[in-house]
Amino acid sequence: MPELPEVETILRGIKPLLENSTVKSVNVRQRKLRWPVTHGLEERIIGEKVLEVKRRAKYLLLFFRHGTVLIHLGMSGRLRLLPVSFPPEKHDHVDLVLTNRRVLRFHDPRRFGSVLWVEGNPLYSPQLAHLGPEPLGKKFSGRMLFEISKGRRVAVKNFIMDGRVVVGVGNIYANESLFRSRILPSRSAGSISLYRYKKLVFSIKEVLDEAICAGGTTLRDYVQATGEPGYFEAALEVYDRQGRSCVRCNSTICRSVICQRSSYFCPTCQH
DNA sequence: CCGGCCACCTGCGGGC
DNA sequence: TGCCCGCAGGTGGCCG
């Protein structure tokens, strides 16, 4: 499933063909997603033009005249722009058919994703209102993380994966950025120094930037809007590498479960 | 407010 | 070959 770099890659792929195109028809084959596909979505957007496409956290935002379509890809969601002649396959739940003979197709086997219609400023919608800063923005800094970590006993890995703290950091990039900044994922958030938080924030920004440049990480089913995989998998240093040797010190990479998620780390480099 | 745990759902690979 | 188990890029909700 896509984390921020994968969603950003999809955004860049669909943006040029989607903006200024008009919705001709909508096919919803499966309404039962994470939340039901908004009742009446079809009537709201048929005949309407996509004014702008943006990303906030792991959501894609399609701006229309009277509201916004929010798309989240959950764990297994895909979004592709295809020629209208492409026949739908299993798990192709939602199509936005465009007048330019393309179809924006939402595909999601596990159905943890969502397709929602919101009116008013989408940043104030229930989905987005409570979210923390963008990790690549200026507001996300080591100082800020250090300040809000005071008194927090959760593992630092969960702390940086909490969307109220910072958005977009999922399991892959949490593990990778903690390795780069040499922090053990199980350390409690409140016990980490300002200096180390500055290093961690640098690593988060660095690893996300690099992953975006590589078109994201393809582990199983993720593809860019073009259908091409992402190429960051080759650059992963700890994620899914338990039992293999550390690229830095040659120790054996460990796996452990922290708060129900697999964590990967080097027991020598990270502390 | 905080932390721990569960749920939602399908598909895949490994072990027997 | 086939079954059963564990595991998977997320995140909201419930409970103590």
Phosphate OP1/OP2 of [N] contacted by [X] side-chain N/O (<4.0 Å):
| X | N | result |
| --- | --- | --- |
| A/R34 | C/dT11 | no |
| A/K58 | C/dT11 | yes |
| A/H91 | B/dC9 | no |

Sugar-phosphate only, base, or nothing, as touched by A/R164 at under 4.0 Å among non-hydrogen atoms: nothing
Sugar-phosphate, base or nothing in reach of A/Y173, heavy atoms under 4.0 Å: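 Contact class for A/Y173: none.
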Using a 6.0 Å cut-off, check whether atom [atom1] of [X] has over 12 heavy atoms from anything other than its own residue.
| X | atom1 | value |
| --- | --- | --- |
| A/K15 | NZ | yes |
| A/K49 | NZ | no |
| A/F64 | CZ | yes |

Is_stacked (A/F112, B/dC8) at 5.5 Å, 30 deg: yes
Salt bridge (Lys or Arg N to Asp or Glu O under 4.0 Å) between A/R12 and A/E8, worked out: CA-CA 6 Å; A/R12 293 179 187 188; A/E8 179 67 25; 2.9 Å; yes
Ion pair check, A/K139 and A/E134, cut-off under 4.0 Å: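 The answer is no: the pair does not qualify as a salt bridge.
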Lys/Arg N to Asp/Glu carboxylate O, A/R44 vs A/E119, below 4.0 Å: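 A salt bridge links A/R44 with A/E119.
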Please state how far atom [atom1] in [X] lies from atom [atom2] in [N], giving the value in whole angstrom units.
| X | N | atom1 | atom2 | answer |
| --- | --- | --- | --- | --- |
| A/F159 | B/dG3 | CZ | C1' | 14 Å |
| A/Q127 | C/dG12 | CD | C1' | 11 Å |
| A/R78 | B/dT10 | CZ | P | 17 Å |
| A/W35 | B/dA7 | CH2 | P | 18 Å |
| A/L70 | C/dG10 | CG | P | 18 Å |
| A/M75 | C/dG6 | CE | P | 17 Å |
| A/L73 | C/dG10 | CG | C1' | 11 Å |
| A/K90 | B/dC9 | NZ | P | 15 Å |

A/R111 side chain, from C-beta outward: closest of C/dG12, B/dC9, C/dG10: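 Nearest to the side-chain atoms of A/R111, counting from C-beta on, is B/dC9.
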Presence of donor-acceptor pair under 3.5 Å, side chain of A/R110 and base of B/dC9: yes
Residue mapping more 5' on DNA chain B - nearest nucleotide basis, A/Q260 or A/R152: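 Taking each residue's closest nucleotide, the earlier one in sequence belongs to A/R152.
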Bracket notation of DNA chain B in which parentheses pair within the strand, [ ] cross earlier pairs, and | pairs with another strand (Watson-Crick or G-U, under 3.5 Å): .|||||||.|||||||
NZ or CZ of A/K54 within 45° of A/F63 ring axis and under 6.0 Å: yes
